[in-house]
Colleague: 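Here's a structure for you.
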Amino acid sequence: MGAPLPRWIAHRGGGKLAPENTLAGIRLAARLGYRAVEFDVMLSADGTPLLIHDETLERTTNGSGQVCETPDAVLFALDAGNGERIPRFAEAAVLCRELGLLANVEIKPATGHELATAEVVARMTADLWRGAAVPPLISSFSLAALEVARDLAPEIRRGVLFEAPPPDWLAQLQRLQAVSLHCDADLLSDEVLAEAQAHDIPVLCYTVNAPEQAKTLFARGVSALFTDRLDLFAQ
Ligand code: G3P
Ligand code: MG
């Protein structure tokens, strides 16, 4: 799939050791020796891409309401934990490049905003990582978003995210010209894994926080794991 894939990917920036999807989390992952981080990207009401997982602000910030209905002036003044701000996507990109981290940019559109989110994120990813030594990897559960990314930034690698890969997962990957399959660690069947291996497609599983489970998945031939437990799997 081009540039090599680290075996461990810090989930939502710093996993559970730092406020999720923050610059502090990304810095922590690098400090602990991680060479890859995953984070979620959504648009504000002003169309600015930012790092956040939920469509609503309550769980991870001191704000409330829908992310996609909240303007930048409000969003970027919120506390995302320990005094951290919600990062703009551009800030996270610059930091990942500085730290030499592989960024797995998960396009996480608010419902109904799939195409707009993908357009902005795909174009910005291509710009922000132009000439980068470590190229990023875009992923999404939204196949419509990945289609936009394929068309607007074909040079940026894509991974397709499923909870459980559906029977036509390989056809979907091929249609999206994607290089990797990402799925729930508990829902990866031997059949899907064998099919991926037969086509030389790396499989990445989320979210693995137990050493025994990690051992089993690597033994089965999974390529990389997303973890919240950065302390357990420090590199
Ligand atoms: O990209 C892997 C993983 O982050 C997908 O699940 O809900 O944590 O974004 P979620
Ligand atoms: Mg994610």
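Note that ligands are numbered from 1 as they come in the structure, with each ligand's atoms numbered from 1 the same way. Being a predicted model, the structure only gives us computed values, none of them experimental.
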Colleague: How does Thr207 reach ligand 1, by side chain, by backbone, by both or by neither, if only non-hydrogen atoms under 4.0 Å count?
Modeller: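 Neither part.
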Colleague: Measuring from the Mg ion (ligand 2), name the closest N, O or S atom belonging to Glu106.
Modeller: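 The atom in question is OE1.
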Colleague: For Val67 and Leu50, what are the C-alpha separation, side-chain angles and deciding distance, and is it a side chain to side chain contact (heavy atoms under 4.5 Å, CB included)?
Modeller: CA-CA 10 Å; Val67 175; Leu50 53 101; 4.1 Å; yes
Colleague: For the pair Thr22 (side chain) and Gly25 (backbone), establish whether a donor and an acceptor sit closer than 3.5 Å, ignoring hydrogens and angles.
Modeller: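 Checking the backbone N and O of Gly25 against the side chain of Thr22, a donor-acceptor pair under 3.5 Å is found.
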Colleague: Would you call the rings of His11 and Phe226 parallel, tilted or perpendicular if under 30° counts as parallel and over 60° as perpendicular?
Modeller: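 The rings of His11 and Phe226 stand perpendicular, inter-plane angle above 60°.
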Colleague: Check whether any N or O atom of Ser139, backbone or side chain, sits under 3.5 Å from an N or O atom of ligand 1, and answer yes or no.
Modeller: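 No, since none of the N or O atoms of Ser139 sits under 3.5 Å from an N or O of ligand 1.
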Colleague: Which atoms of ligand 1 sit under 4.0 Å from any heavy atom of His53?
Modeller: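 Counting from 1, the qualifying ligand atoms are 7 (O), 8 (O), 9 (O), 10 (P).
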Colleague: Is ligand 1 under 4.0 Å from a heavy atom in the side chain of Lys108, in the backbone, in both, or in neither?
Modeller: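 For Lys108, only side-chain atoms sit under 4.0 Å from ligand 1.
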Colleague: Determine whether the side chains of Thr207 and Asp228 contain a donor N or O and an acceptor N or O closer than 3.5 Å.
Modeller: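 Looking only at side-chain atoms, Asp228 and Thr207 do not form any donor-acceptor pair under 3.5 Å.
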Colleague: Does Arg7 make a cation-pi contact with Phe218, if we ask for NZ or CZ under 6.0 Å from the ring centre and within 45° of the axis?
Modeller: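 Here Arg7 passes the 6.0 Å and 45° test against Phe218.
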Colleague: Just by distance, do the side chain of Glu69 and the backbone of Gln66 share a donor-acceptor pair under 3.5 Å?
Modeller: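 Side chain of Glu69 to backbone of Gln66, a donor-acceptor pair under 3.5 Å: no, none is there.
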Colleague: Report, in ascending order of atom number, the atoms of ligand 1 lying under 4.0 Å from any heavy atom of Arg12.
Modeller: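 Listed by number with element: 7 (O), 8 (O), 10 (P).
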Colleague: Identify the closest protein heavy atom to atom 4 (O) of ligand 1: which residue and atom is it, and at what distance?
Modeller: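 The closest one turns out to be Glu38 OE2, 2.6 Å.
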Colleague: Among all protein heavy atoms, pick the one closest to atom 5 (C) of ligand 1 and tell me residue, atom and distance.
Modeller: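 Heavy-atom neighbour on the protein nearest atom 5 (C) of ligand 1: Glu106 OE1, 3.5 Å.
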Colleague: Looking at atom 3 (C) of ligand 1, what's its closest protein heavy atom, distance included?
Modeller: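 That would be His11 NE2, 3.4 Å.
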Colleague: Go through ligand 1 atom by atom and flag the ones less than 4.0 Å from a non-hydrogen atom of Leu161.
Modeller: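 What qualifies from ligand 1 is 1 (O), 2 (C).
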Colleague: At a 4.0 Å cut-off, with the gap strictly under it, does some heavy atom of His182 reach an atom of ligand 1?
Modeller: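 Heavy atoms of His182 never come under 4.0 Å of ligand 1.
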Colleague: What side-chain donor-acceptor pairs closer than 3.5 Å can you find for residues 187-194, not counting sequence neighbours?
Modeller:
{"residue": "Ser189", "atom": "OG", "partner": "Val192", "partner atom": "N", "Å": "3.1"}
{"residue": "Asp190", "atom": "OD1", "partner": "Arg220", "partner atom": "NE", "Å": "3.3"}
{"residue": "Asp190", "atom": "OD1", "partner": "Arg220", "partner atom": "NH2", "Å": "2.8"}

Colleague: So which of the N, O or S atoms of Asp40 lies nearest the Mg ion (ligand 2)?
Modeller: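 This turns out to be OD1.
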Colleague: Between Met42 and Thr117, does the side chain to side chain contact (heavy atoms under 4.5 Å, CB included) criterion hold? Intermediate values first, please.
Modeller: CA-CA 7 Å; Met42 199 178 292; Thr117 310; 5.6 Å; no
